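As the structure is a prediction and not an experimental result, all values here were calculated from the model. In listed order, ligands and their atoms are each counted from 1.
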Amino acid sequence: MENVVRYALDGSIATINIDNPPVNALSVAVRRGLLDALERAREDGCEAVLLSCDGRTFIAGADITEFGKPPASPSLPEVVKELERFPKPVFVALHGNVLGGGLEVAMAAHYRGIVPGTKLGLPEVKLGLIPGAGGTQRLPRLVGAETALEMMTTGKPITAEEALRLGLTDVLLEGAGKEDALRWVLNSLGNDARPRPTAACKVPSQPPVEFFDEYRKRIAQKTRGQIAPEIVVELVELAMQVPVSDGQLVERERFLQCRESPQSAALRHVFFAERATSRASGIPADTPSRSVDGVAVIGAGTMGRGIAMAFANAGLPVCIVESNQERLEQGLEAIGKSYATSVRRGRLDASEVASRMACLVGTTDYEDIADVDLVVEAVFEDLDVKKEVFRKLDDICKPGCVLATNTSYLDVNEIAAATGRPENVIGAHFFSPAHVMKLLEVVRGEGTAPEVVQTFMKLAKSIGKLPVPVGVCNGFVGNRMLRPYARQAQLLLLEVGTPEPIDRAMESWGMAMGPLAVGDLAGLDISYRSRLAQGIKPHSLREYAVADALVEMDRLGQKSGAGYYRYDGYKRSRQVDERTIELILRVGTEWGVPQRSIEESELIDRLLLALINEGAAILRERIAARPSDIDVIYLNGYGFPSWRGGPMFQADQLGLDLVLDKLAHLKKATGDTCWDADPLLVELAERGEALSTLNQA
Ligand code: 3HC
Ligand code: NAI
């Protein structure tokens, strides 16, 4: 037996301990070890088995790194079967995270003790999978169909207390120590505990016939496009009708189907990609970092407020600096209102809000922030204004203070050059609303010291953000890629003549919102002003002519009630608007663009390829360290469907040869230089490599 599983006989109790850091995943060695240990327990004639785990958690699931590799024996269903049919009572002591295959093992045991603070769940759908070791058949027997569906279609874990209330676990253990668990086992044996296989439990009351169809309808919008949640419903419905052994046969088949699906490959990619981003490329793990105990935020506008809340929510003292008292008060009041809304909606309690508000103070005097460890600037997007602020910060802030800018597009190196300490300057591109959105582009300037990058990355993680290191360029990664994507949407608009098919195509492909609808949400005036700032005159470019005209008609998007669409009523549902249709026709005629109907697949191709080609340029210029970092940004900041893995993962799924063919075809058809394939794509395709080979960076 490999030493990831330890076996010992404690009196008449066989104790089996898993020790497979970091999360005791059910790797093949663990599965083998478990079977061997059960065999020894049987040979030793034990009275009971106690299964527990070392380290910070019980089994957190199957070993995700093994999916996609050839299967190795024994399979998890075999292990689970042996555990359940063991002739003596099997006890499990649960702590940490009891997830996926971990909960399936626990459910196959006969008695479940749980330490307070433990989380239990079947999160397989988040990996494009379904529980594959009896979970879909055993969970409904223990907690009923509806709760089982809720847990398995959302993947959300429940608490130890909920698990007890639901009957998923039997007792609350006093502590995670072995003695606590052994005491429980001995007590239970004293009370005549017998093997109690879950598979033998009766199916709890049958829900009415229409229940499952109604449930399918209920989750349809949320799980749009994904196959696993739908299969979970099918299998729970089956669990109501057949014995566990039969149900498990179908479950296994469906599990393998999911495991081989592109959706699961994409979601597994996302799982590892999100964990890889935090390892800032080129920054050794042992780089020291500075402690951050006090923060200042400059500007109490939309972003400043959110950023201040993000720090206060994590208990960090924040001082907000505004240019005048009135704006400061407005900002603090808006923060108070936002917290009050959370209380009203039951998301926070009043005492929690009070302690968060106590972290926040405001000032109009920069001298008040002389002692903070970090400043995040969130003033107007204007280089001169930002440089002025950084000059002031340079004068006032103590040595070693990290100076961050939340600029969306401006040159972080130029901002840093306004100070005498560019090594302490970094970009911190939060997304709106900053207290909610996890994504954060951490922009490393030419002079930014590794220690400063390390400090910011650590801090970002400690306040619950998902920081992705990027380099300096206009718009960094996310907003830079958005430009060719939005441009393409507007070119398509002239050809198609109406926005709806374009947005609908991307939404049915999985995007949270189509590109033109996003324009309306963000406000068409924002991009209008940004074009002006870049020296692009209104109406000088075909692709922006419709957007320019809309802004000049005061149709700024949702906020003015109309943009590409008209927005009616309280729900602000979008309506196709004849005035826009007429405008598109007029502009198209002026620019000589004939209208035609375009297949959905072409709409999707053009928009997706615009993202892929720009993403490749970003990689070639080393603005992003890895393709997977770009994916993480698009998934977490731009409504890209996680089950598609991100734009760069999509490029690999299509295959780079096909990507190049499609680009060449578009170039030929349109003559637009935007379709010149990025040299990186060409080079990789010539070598027969995929973008994913660069993920090892
Ligand atoms: N398999 C392989 N590696 C895993 C893993 C798993 N199931 N779960 C976590 N890891 C690795 C992570 O990749 C990470 O590695 P790294 O340090 O090299 O980046 C390390 O363990 C620590 O993980 P986290 O950084 O996520 O640690 P946290 O403490 O923040 O979170 C956790 C711990 C809540 C357990 C979280 O890792 C998690 O949610 N893991 C996935 C759980 C899961 O999805 N289980 C179901 C698997 S599918 C299954 O069981 C199928 C079955 O039905 C047949
Ligand atoms: P905003 O206009 O809502 O707020 C800016 C605030 O800064 C105003 O309250 C203003 O009074 C204050 N201010 C201006 N000069 C100041 C000074 N010298 N000292 C102190 N305060 C000063 O702007 P918003 O939207 O919050 O944007 C701020 C920054 O964040 C910009 O750089 C923007 O590009 C960036 N950003 C904005 C996003 C958004 O969705 N709004 C998303 C990500 C980044």
Side-chain angles (χ1 to χ4, degrees), residues 20-27 56-67 75-77 80 96-105 119 121-136 152 155 157 251-252 255 258-259 264 267-268 271-272 274-279 296-307 320-324 326-328 330-331 334 363-364 366 376-383 385-386 388-390 392-393 405-410 415 427-434 437 439-441 461 475-476 478-479 522-523 526 530 637:
N20 187 27
V23 297
N24 289 314
L26 287 157
S27 321
R56 57 181 164 128
T57 182
F58 190 74
I59 304 164
D63 184 342
I64 305 170
T65 60
E66 283 183 1
F67 297 144
S75 69
L76 188 57
V80 159
N97 291 291
V98 183
L99 299 176
L103 182 53
E104 290 179 299
V105 165
K119 293 263 168 65
L122 290 173
E124 283 85 345
V125 285
K126 294 186 179 169
L127 296 168
L129 298 169
I130 56 154
T136 63
M152 289 190 283
E251 180 196 71
R252 188 71 188 158
F255 173 79
C258 288
R259 198 184 67 183
S264 179
L267 285 159
R268 278 160 13 219
F271 179 84
F272 291 113
E274 289 188 346
R275 282 156 181 82
T277 52
S278 60
R279 295 188 274 270
V297 174
I298 317 292
T302 312
M303 292 309 287
R305 293 166 198 172
I307 296 168
I320 306 178
V321 187
E322 251 296 347
S323 49
N324 68 59
E326 194 187 338
R327 286 231 170 102
L328 178 63
Q330 276 170 4
T363 183
T364 53
Y366 276 68
V376 182
E377 164 278 310
V379 304
F380 304 130
E381 184 74 346
D382 179 310
L383 189 58
V385 176
K386 292 209 191 269
E388 185 51 40
V389 168
F390 273 77
K392 253 192 224 166
L393 295 174
T405 170
N406 183 49
T407 178
S408 307
Y409 292 95
L410 300 173
I415 294 172
H429 184 220
F430 286 83
F431 286 68
S432 180
M437 296 288 281
L439 181 65
L440 175 49
E441 286 180 325
K461 275 192 276 176
F476 315 119
N479 286 344
I526 307 265
S530 136

Ligand 2 atoms in contact with [X] (distance to a heavy atom under 4.0 Å):
X      : result
Lys386 : 31 (C), 32 (O)
Thr407 : 32 (O)
Thr302 : 3 (O), 25 (O), 26 (O)
Val321 : 20 (C), 21 (N)

Residue part near ligand 1, for [X], under 4.0 Å between non-hydrogen atoms:
X      : value
Leu122 : neither
Ile64  : both
Pro123 : side chain

Considering all protein heavy atoms, does one lie under 4.0 Å from [atom]?
atom                    : result
atom 15 (O) of ligand 1 : no
atom 45 (N) of ligand 1 : yes
atom 23 (O) of ligand 2 : no
atom 26 (O) of ligand 1 : yes

Counting heavy atoms only, which of [options] is nearest [atom]?
atom                    : options                        : result
atom 5 (C) of ligand 2  : Ala378, Ala300, Gly304, Gly331 : Ala378
atom 32 (C) of ligand 1 : Asp63, Asn97, Leu76            : Asn97
atom 6 (C) of ligand 1  : Ser75, Ser278, Ala60, Ala62    : Ala62
atom 23 (O) of ligand 1 : Arg252, Arg275, Lys126         : Arg275
atom 7 (O) of ligand 2  : Val376, Ile298, Val379         : Val379
atom 6 (C) of ligand 2  : His429, Glu322, Arg327         : Glu322

4.0 Å heavy-atom contact, Gly135 with ligand 1: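 False for this residue.
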
Contact with ligand 1 for Glu66, non-hydrogen, under 4.0 angstrom: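 So Glu66 does not count as touching ligand 1.
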
So which bit of [X] gets within less than 4.0 Å of ligand 2, heavy atoms only: side chain, backbone, both or neither?
X      : result
Thr405 : neither
Val389 : side chain
Phe430 : backbone

Work out whether the distance between some heavy atom of [X] and some atom of ligand 2 is less than 4.0 Å.
X      : answer
Tyr409 : no
Glu377 : no
Phe380 : yes

Interfacing atoms of ligand 1 (cut-off 4.0 Å, heavy-atom, Leu127):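 Under 4.0 Å from Leu127, ligand 1 has these atoms: 44 (O), 47 (C), 48 (S).
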
With Glu274 via salt bridge (Lys or Arg N to Asp or Glu O under 4.0 Å) - residues at least two apart: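 Salt bridge (Lys or Arg N to Asp or Glu O under 4.0 Å) list for Glu274, sorted by chain: empty.
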
For Glu377, all residues meeting salt bridge (Lys or Arg N to Asp or Glu O under 4.0 Å), sequence neighbours excluded: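 Salt bridge (Lys or Arg N to Asp or Glu O under 4.0 Å) check on Glu377 returns Lys386.
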
Could you tell me the residue and atom name of the protein heavy atom closest to [atom], and the distance to it rounded to 0.1 Å?
atom                    : answer
atom 29 (O) of ligand 1 : Arg56 NH1, 2.6 Å
atom 4 (O) of ligand 2  : Gly301 CA, 3.2 Å
atom 37 (C) of ligand 2 : Met303 CG, 3.2 Å
atom 44 (C) of ligand 2 : Ser408 OG, 3.1 Å
atom 40 (O) of ligand 2 : Ser432 CB, 3.4 Å
atom 19 (N) of ligand 2 : Tyr366 OH, 2.8 Å
atom 30 (O) of ligand 2 : Asn406 ND2, 2.9 Å

Over-ring placement of Arg275 relative to Phe271, 6.0 Å and 45° cut-offs: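 Yes, Arg275 sits over the ring of Phe271.
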
Donor-acceptor contact below 3.5 Å, side chain Glu381 vs main chain Tyr409: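 Here the side-chain-to-backbone pair exists.
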
Heavy-atom side-chain contact between Val297 and Val321 under 4.5 Å: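 Result no, sub-4.5 Å side-chain heavy-atom pair not found.
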
Residue pair Leu122 / Glu104, side-chain heavy-atom distance below 4.5 Å: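 Leu122 reaches Glu104 side chain to side chain.
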
Check: Gly101 N/O within less than 3.5 Å of ligand 1 N/O: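 So ligand 1 has an N or O lying under 3.5 Å from an N or O of Gly101.
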
Short N or O distance, Pro22 and ligand 1, threshold 3.5 Å exclusive: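 No: no nitrogen or oxygen of Pro22 is under 3.5 Å from one in ligand 1.
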
Value rounded to 0.5 Å, distance of CZ in Phe58 from CG in Asn24: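 It is 8.5 Å, given to the nearest 0.5 Å.
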
